[in-house]
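Notes follow once the structure below has been shown.
These figures come from a predicted structure and were not determined experimentally. Chain naming here is simple, since letters A, B, ... match the order of the sequence lines and numbering starts at 1 in each.
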Amino acid sequence: MTLLWIPLLSLLGSIISSMTGKLTRNQSTALSMLMPIIALCFTISLAPAVFSGDVIRETISWIPLLGVDIAFRLDGLALLFVFMILGIGILVIFYTRYYLSSKDSMPKLYSYLMLFMTAMLGIVMSNNVIQLWFFWELTSISSFLLISYWWHKSEARKGALMALTITGGGGLALLAGLLLLGNIVGSYNLDVILASREIIQAHDWYEVALILVLLGAFTKSAQFPFHFWLPHAMAAPTPVSAYLHSATMVKAGIFLLARFYPALAGTDIWFILVSITGLTTLLVGAYVALFKHDLKGLLAYSTISHLGLITLLFGLNTELATVAAIFHIINHATFKASLFMATGIIDHETGTRDMRKLNGMWRFMPYTATLAMVAAAAMAGVPLLNGFLSKEMFFAETLHQQLLGSMSWLIPVLATVAGALAVAYSARFIHDVFFNGDPIGLPRQPSEPPRYMRVPIEILVALCLLVGIFPNFVVDDILTAASFAVLGGYVPEFKVALWHGFNLPLLMSGIAVTGGLLIYTQRRYLYQFQASLPPLNAKKAFDNSIYVMIKWCQRKISTIENGSLQRYLMLMFLVVLLAAGWPLFEMSQLAGKKQLTPIDVHNAVGAALLIIGAVCTVIWSRKRVVSLLMLSVVGLMVSVAFTRFSAPDLALTQLTVEVVTIILLMLALFFLPQHSPRESSSMRVLRDLGISSALGVVVASACYALITRPLESISDFFLDNAKTGGGGTNVVNVILVDFRGFDTLGEICVLGIAALGIAKLLVNLPLFMPGSDSEGRPWAKERYPILLASISQSLLPLALLVSFYIFLRGHNLPGGGFIAGLVTAIAFILQYIAHGSNWIAERLTINYRKIIASGIAIALFTGVGSWFFGRSFMTTWFDYFDIPFIGEIELASALVFDLGVYITVVGATLMILASLGKLTANAPKEEVNI
Amino acid sequence: MELLYAACVGVLVSCGVFLILRSRTFPVVLGLTMLSYAVNLFLFSSGRLSLNSAAVLGYSKDYADPLPQAFVLTAIVIGFAMTAFVVILAIRGRADLGNDHVNGQVPDNKVKGKV
């Protein structure tokens, strides 16, 4: 077995218990407890090695490039937490068996509990901080599921959401902090980070990383001012509270403090942040706990207070304080878990948790009462119990610090005050519930719970006593091992003992106990004072702040996203302008060193036509047909430019695409208004002119700067290898079908998808079918002129022949699948124009979708074909054959690929145009004036 | 000649952007088409301008850079698919919404102005 098995067993348990729905409650419980028990036994078997100072590690490579591994480590601190998580987890599972009513789904709760257990185990055993964070977030999510277990209750849902928001938000801060730490150190491995204390603390980003990590810890551990989620999480079933809020969830934050103590602690900022937060939380929690009438509310605030205490100890920056903190982690887990379970019993047996109704329970459940009273006494810090020992150490450590300078005496005084408050609320828990007269209006007649429901509490209370009386015997090993891990391989001389003689800490304890009892007996004055204060509802404040935040975001979004495309485009162009324009200003000289070529007459005329066409397109843009014709002039001049500048393939493609585009736009214009209204204000036109001309200037400058610089290209490779490697002399075509064939495959897929999208857009189109042109003249009666019909028909075979020729020669001379496909498509479109789609449909049933699909399939399988010859995807094969009468010809697999391209282009182009054209043919004529 | 070429690209960009910023769909489609001409010419020119040197082996001494050409060739075809899609979207929008304004509705103040 390896370390990985510990969380894995727990995860397995989660899966197993989710499937025990059909079994009896006892069977389901037994099965659920099985996996954690195995994991616990395994952990115990590892313990001796850890006690002797070893750190057990295990790493599986996950994303090596990012430095993310699945890595586990088990040192003393992790071992302590694994014991708590598994041990208390097993007790909680057992206890739940008796707590849940038959209406509640037991497998569901068990499954969530063990998912949570997995997450906790993952946190404490991770040796990679990213992995640690992953489990950290998993605890947030699984605790959300647990808290909202009674999902039909609104308070459960709200409490769960609040816990998720706060701890999840903290988790994001933690991620940022961990990434920063990883960056500073250069590794996400925990071992490395923990060993790099000097590097981290000397780094400029230390403070930021520290604050982010602390935010994660403080939100999770319910430290002030993030404490308010914890009382609301009490809407969970009590076993869940016993587990989450004694030993696990809230202790995860504390664990984080302990884990990163070697790397982050020891500085002034650590002290200020951690100790002040801890102290405030300690006091606030203890004070508020006193006023809670709900038993679980009292325990929740007491938990907050004790977490504050532990945090404060970590903040004191002394070794012994750290030992005391770890000791208190153990003690708090035992007495708080047993108190929660006792509360669960009281709730279960009486039907209420309100201390104003619960009185005199001693008479009804003396045995449970004894257990609860011992645990509460431990919480108060009464001698002979474990709480006393760690509290003594705490008091002693507050005396041994000089952190506030001359005001350092404040810390022990405030600690004593908090101790007194703890005594007071513990006294209230004991006295109000078990004594103090008779119960008032209980929903149920109270009695002792089932025998076995008390067993987990008995075990925990026995631990409280054992630790309290024989501390060295019970906890010395684990405490030493954990301190060893936290303090980075050094354990101070410490002695946990019941009796240290008459000293100052003992006096503080005495003051706390008497003071606490005094506060409790005189509490009604405090209550009166508290009642006179304005009520503070954390939940409302939280809800309000969330509401305000959402409103604020919505307002911000609606100012940016106001539904105006013109505005979005304007903003986008402005960004482009800035991004592209800025580097130009940083260039020292626009023109490069390349020799300029002189302007000849042809080029000048072509450029003039192109510019005139473009400008006229804009000028006449409101007369749409004219504008479109002007645009076609531009397109033609572009293809002429390609011809001129040695790109015959491009020229052919541009020419054919131009034809198809203009036909398409003409057709589209039939369904759109023929004129654009004069709409833009002069200011708007001016603004747009400004943006567009600025962009034009920037692009022209960039273009000029580019083409006047000498060329360094990777194309020599293609020129050298086109013939020998690809078997063709037309390098452009060889690049398309061979070197960059994968790109081409992607591209024909895009073409096919666009065509399909268009076909879908035209389904069930409500038609605007003008019966006449924009000036009210009816369309010509003769829809299909006979001259065009007869010429186009005789042109078809010729055009097909030409396209075939272009296709075949493509590999060696300008041409190829794209161009041939477009030529074929144009030839067919001409038939559509001349005869109408009905006439075509009578003679030719074509399913364009199938054509597109088969084209892509051919291209794809040609590529795949090379696999069968042990070559990588899309390797071209070619050879020369001597065929009688024809001579030597070359056959290449690229030709088949190009055939796929050809078929796809034909299918897509025809599908786009024919599906639009069909609308005009089939639609009933309507008189709609545009 | 380089200067003239750059100027042509600049003019195409300006006209295209201006048209794209118009308020009705059809000019926007025209603008988009024009902008894609400009982009194609720009990309093409990254292989520099050369006369009489098509990248067909054995037909000339120097060869123009074939790589930008191959890319632009696919860009032209993709550009066509995009233009087609946008113009059909414009038709569909006009049919569903009853107007061809790019924002889906004619601004209120304009309608009031006409009344």
Side-chain angles (χ1 to χ4, degrees), chain A residues 564-565 569 573 596-597 599 603 607 610-611 614 618 621 624 631 638 645-650 653-654 657 661 664 668 671-673 676 679 688 692-693 695-696 699-700 703-704 706-708 711 713 715 718-719 723 729-732 735-736 747 750-751 754 757-758 761 765-766 768 818 912, chain B residues 1-4 6-15 17-21 23-24 26-27 30 33-34 37 42 45-46 48-58 63-67 69-70 72-74 76-78 80-81 83-85 87-89 91-92 94-95 100 102-103 110:
Chain A
S564 164
L565 182 74
L569 287 171
F573 281 130
L596 294 186
T597 34
I599 301 174
N603 291 342
L610 182 129
I611 291 173
V618 173
S621 69
R624 293 181 174 181
L631 184 76
V638 171
F645 296 116
S646 321
D649 286 282
L650 287 192
T653 315
Q654 178 67 49
V657 164
T661 308
L664 175 75
F671 297 98
L672 289 169
S676 301
E679 219 168 22
D688 293 349
S692 52
S693 31
L695 254 175
V699 173
C703 184
Y704 183 69
L706 180 73
I707 57 182
T708 51
L711 175 67
S713 170
S715 298
F718 300 118
L719 290 168
K723 182 72 180 163
T729 52
N730 181 5
V731 186
V732 177
I735 290 175
L736 282 177
E747 193 214 358
V750 172
L751 199 62
I758 286 167
L761 271 178
L765 183 76
F768 267 89
F818 277 115
I912 291 168
Chain B
M1 196 161 66
E2 276 80 1
L3 196 61
L4 192 63
C8 286
V9 174
V11 168
L12 285 183
V13 168
S14 291
C15 294
V17 170
F18 184 80
L19 284 174
I20 288 176
L21 289 170
S23 62
R24 299 292 167 151
F26 195 75
L30 294 190
T33 313
M34 192 148 6
Y37 292 153
F42 186 96
S45 72
S46 69
R48 308 301 181 268
L49 305 180
S50 45
L51 301 173
N52 303 322
S53 50
V56 179
L57 300 179
Y63 297 113
D65 194 342
L67 194 62
Q69 294 193 17
V72 170
L73 198 153
T74 57
I76 293 172
V77 180
I78 293 261
F80 162 68
T83 307
F85 194 83
V87 80
I88 303 293
L89 203 60
I91 291 173
R92 181 86 212 192
R94 203 268 173 129
D100 68 336
V102 286
N103 298 347
K110 298 281 155 45

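- The residue among B/V9, B/I91, B/V11 with the most heavy atom pairs within less than 4.5 Å of chain A is B/I91.
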Set out, in order, the CA-CA distance, both residues' side-chain angles and the distance that settles side chain to side chain contact (heavy atoms under 4.5 Å, CB included) for A/V699 and B/F42, then state yes or no. CA-CA 9 Å; A/V699 173; B/F42 186 96; 3.9 Å; yes
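- Looking at heavy atoms from C-beta onward, A/F573 lies in side-chain contact with B/I20 at the 4.5 angstrom threshold.
- Atom CG in A/L596 sits 12.0 Å away from atom CG in B/L4 (nearest 0.5 Å).
- When each of B/L3, B/L89, B/T83 is checked for heavy-atom pairs under 4.5 Å with chain A, B/L3 comes out on top.
- Residues A/P673 and B/D100 meet the side-chain proximity criterion, which asks for heavy atoms closer than 4.5 Å.
- Residues B/F80 and A/I912 are in side-chain contact: their nearest non-hydrogen atoms beyond the backbone lie under 4.5 Å apart.
- When each of A/A754, A/S676, A/A614 is checked for heavy-atom pairs under 4.5 Å with chain B, A/A614 comes out on top.
- One distance of note links OG1 of B/T74 with CD of A/E747; it measures 4.5 Å at 0.5 Å rounding.
- The shortest side-chain heavy-atom distance between B/L12 and A/L610 falls under the 4.5 Å cut-off.
- One distance of note links CG of A/L711 with CZ of B/R48; it measures 5.0 Å at 0.5 Å rounding.
- Side-chain contact between A/L664 and B/V87: present, with at least one pair of heavy atoms (C-beta onward) separated by less than 4.5 Å.
- Residues satisfying the ring-ring contact (aromatic ring centres under 6.0 Å, His included) criterion with A/F718, sequence neighbours excluded, are A/F739.
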Assess whether side chain to side chain contact (heavy atoms under 4.5 Å, CB included) is satisfied between B/C8 and A/I611, documenting all intermediate values. CA-CA 6 Å; B/C8 286; A/I611 291 173; 4.1 Å; yes
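- With a 4.5 Å cut-off on side-chain heavy atoms, A/S621 and B/L19 count as touching.
- The shortest distance between side-chain heavy atoms of A/T597 and B/L51 does not fall below 4.5 Å.
- Side-chain contact between B/E2 and A/C703 is absent, with no heavy-atom pair separated by less than 4.5 Å.
- Among A/V750, A/L719, A/V657, the residue with the largest count of heavy-atom pairs under 4.5 Å with chain B is A/L719.
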